[in-house]
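Each remark here refers to the structure printed beneath this line.
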Amino acid sequence: MSKNCTVYRRIAEIQIELMGMKIPKTGYNRFNKHKYHELEDLIPPILKECFKRELMLDFNFTSDEAILKVRDLNTPADMASTRLPMPKISELNGGMNVAQSEGAVITYFKRYLLINMFLIMEKDVIDAEIEEAEEKKESAKRVAPKRETQPKRSKPAPNNGRPVGEKVTGEVKSPNSLMDSVVEYCKNIKKEATPHNINLSANGMKRKGLITESELKEVHEFTNKLQKEDIVVVA
């Protein structure tokens, strides 16, 4: 029987079982117009398959990591785990306090830990890359073509990575807690908080339900005023 196999073997069986299921998707991304799995869509079928194989789910959250351990019910020390880095929790918007924001973040990480452990494919995994590629295409269209009649100018020697004489716009202070949370999100995904990256991060937060449509517009209005990509927003 499968319950006598290793934890890893039983997880693999569940992965195969879930591949053949049509798990309903109750979440809807209005920005990209596609459906996705909410946490409540994933928990019932996964728990059912785990119980069949005498496995249990054990979620743990620390200041540094979000962890999912799948344990053998009879010998809990036998387990497999997956983990994600935990961001610093702050108020996501004006309508949520820190405790409510923490609950939203934990729900989000539970969903992604289950997706990672049981290999559940989600469209929004590649959304950020698609959005970034589309943004680059739009930026390229907005750039005026160079005039071939203009003589080429030789660039002066570099100065800390920039040509001498090039204007450096520097840093801009975040104006409110909403921008603070988007800047923090940028840092957590290892991106510098430039206007372009802030827009991508805000789009991702909106998809995940971390900010509202009106807050997304507020972020875009703020970054449009900055214009220069060498500006960095600091919280």
Side-chain angles (χ1 to χ4, degrees), residues 25-32 34-44 46 57-69 81-117 120 122-128 131-132 171-226 232-235:
K25 297 181 179 181
T26 60
Y28 183 69
N29 185 322
R30 289 179 292 177
F31 184 80
N32 285 305
H34 71 83
K35 293 182 178 181
Y36 61 90
H37 292 113
E38 294 279 13
L39 178 62
E40 53 265 32
D41 300 327
L42 300 175
I43 288 288
I46 290 175
L57 303 179
D58 180 13
F59 290 98
N60 290 279
F61 298 91
T62 70
S63 59
D64 299 319
E65 290 184 312
I67 308 166
L68 168 59
K69 297 177 182 178
S81 67
T82 184
R83 58 193 66 211
L84 294 168
M86 194 72 174
K88 180 181 177 181
I89 305 297
S90 59
E91 293 181 7
L92 296 178
N93 56 54
M96 298 175 69
N97 58 36
V98 174
Q100 290 170 326
S101 299
E102 183 175 12
V105 171
I106 287 175
T107 296
Y108 165 78
F109 275 97
K110 280 183 177 180
R111 174 175 173 267
Y112 267 88
L113 287 168
L114 289 172
I115 288 171
N116 286 350
M117 177 65 76
I120 297 170
E122 283 280 77
K123 182 181 184 297
D124 63 349
V125 171
I126 60 171
D127 277 349
E131 288 172 8
E132 187 166 2
E171 297 180 343
V172 172
K173 181 69 177 175
S174 169
N176 53 43
S177 60
L178 169 62
M179 289 305 305
D180 287 347
S181 66
V182 180
V183 170
E184 189 66 30
Y185 189 94
C186 266
K187 293 178 182 178
N188 289 334
I189 60 174
K190 311 298 184 186
K191 286 185 178 291
E192 190 176 36
T194 62
H196 171 73
N197 289 339
I198 285 175
N199 282 337
L200 289 178
S201 297
N203 291 340
M205 292 176 73
K206 173 60 179 63
R207 287 199 315 275
K208 298 173 178 65
L210 301 179
I211 62 175
T212 65
E213 185 70 33
S214 62
E215 289 171 330
L216 177 64
K217 291 180 180 179
E218 182 180 338
V219 172
H220 286 174
E221 288 173 359
F222 173 73
T223 55
N224 286 340
K225 293 177 182 178
L226 299 180
V232 176
V233 181
V234 293

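Nothing fancy with the numbering, it's 1 onward along the sequence.
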**OP:** Look only at the side chain of Asn199 and the backbone of His196, and say whether a donor-acceptor pair between them is shorter than 3.5 Å.
**Re:** no
Original post:
Just how far is it from atom NZ of Lys208 to atom OH of Tyr112, taken to the nearest 0.5 Å?
Top reply: 4.5 Å
**OP:** Kindly compute the distance separating CD1 (Ile115) from CG (Leu84), expressed to the nearest 0.5 Å.
**Re:** 10.0 Å
Subject >> Spacing of Asn188 atom CG and Lys88 atom NZ [to the nearest 0.5 Å] >> reply: 10.5 Å
Original post:
Distance from Glu221 atom CD to Ser214 atom OG, nearest 0.5 Å?
Top reply: 10.0 Å
Original post:
What are the two closest heavy atoms between Ile211 and Ala202, and how far apart are they?
Top reply: CD1-O, 3.5 Å
Original post:
Listed by chain and number, what are the side-chain contact (heavy atoms from CB on, under 4.5 Å) partners of Pro44, not counting sequence neighbours?
Top reply: none
Subject >> Results of side-chain contact (heavy atoms from CB on, under 4.5 Å) for Ile43 - residues two or more places apart only >> reply: Leu39, Leu47, Leu114
**OP:** Would you give the length of the straight line joining atom CD of Glu218 to atom CG of Leu178, rounded to the nearest 0.5 angstrom?
**Re:** 5.0 Å
Original post:
From Glu38 CD over to Thr26 OG1, what is the distance, rounded to the nearest 0.5 angstrom?
Top reply: 4.5 Å
Subject >> Cation-aromatic face contact Lys110/Phe59, 6.0 Å, 45 degrees >> reply: yes
Subject >> Under 3.5 Å: donor-acceptor pair, side chain of Glu65, backbone of Thr62 >> reply: no
**OP:** Check whether any side-chain N or O of Asp58 sits under 3.5 Å from a backbone N or O of Lys69 as a donor-acceptor pair, and report yes or no.
**Re:** no
**OP:** For Lys206 and Glu213, run salt bridge (Lys or Arg N to Asp or Glu O under 4.0 Å): C-alpha distance rounded to whole Å, both residues' side-chain angles, the deciding distance at 0.1 Å, then the answer.
**Re:** CA-CA 7 Å; Lys206 173 60 179 63; Glu213 185 70 33; 3.7 Å; yes
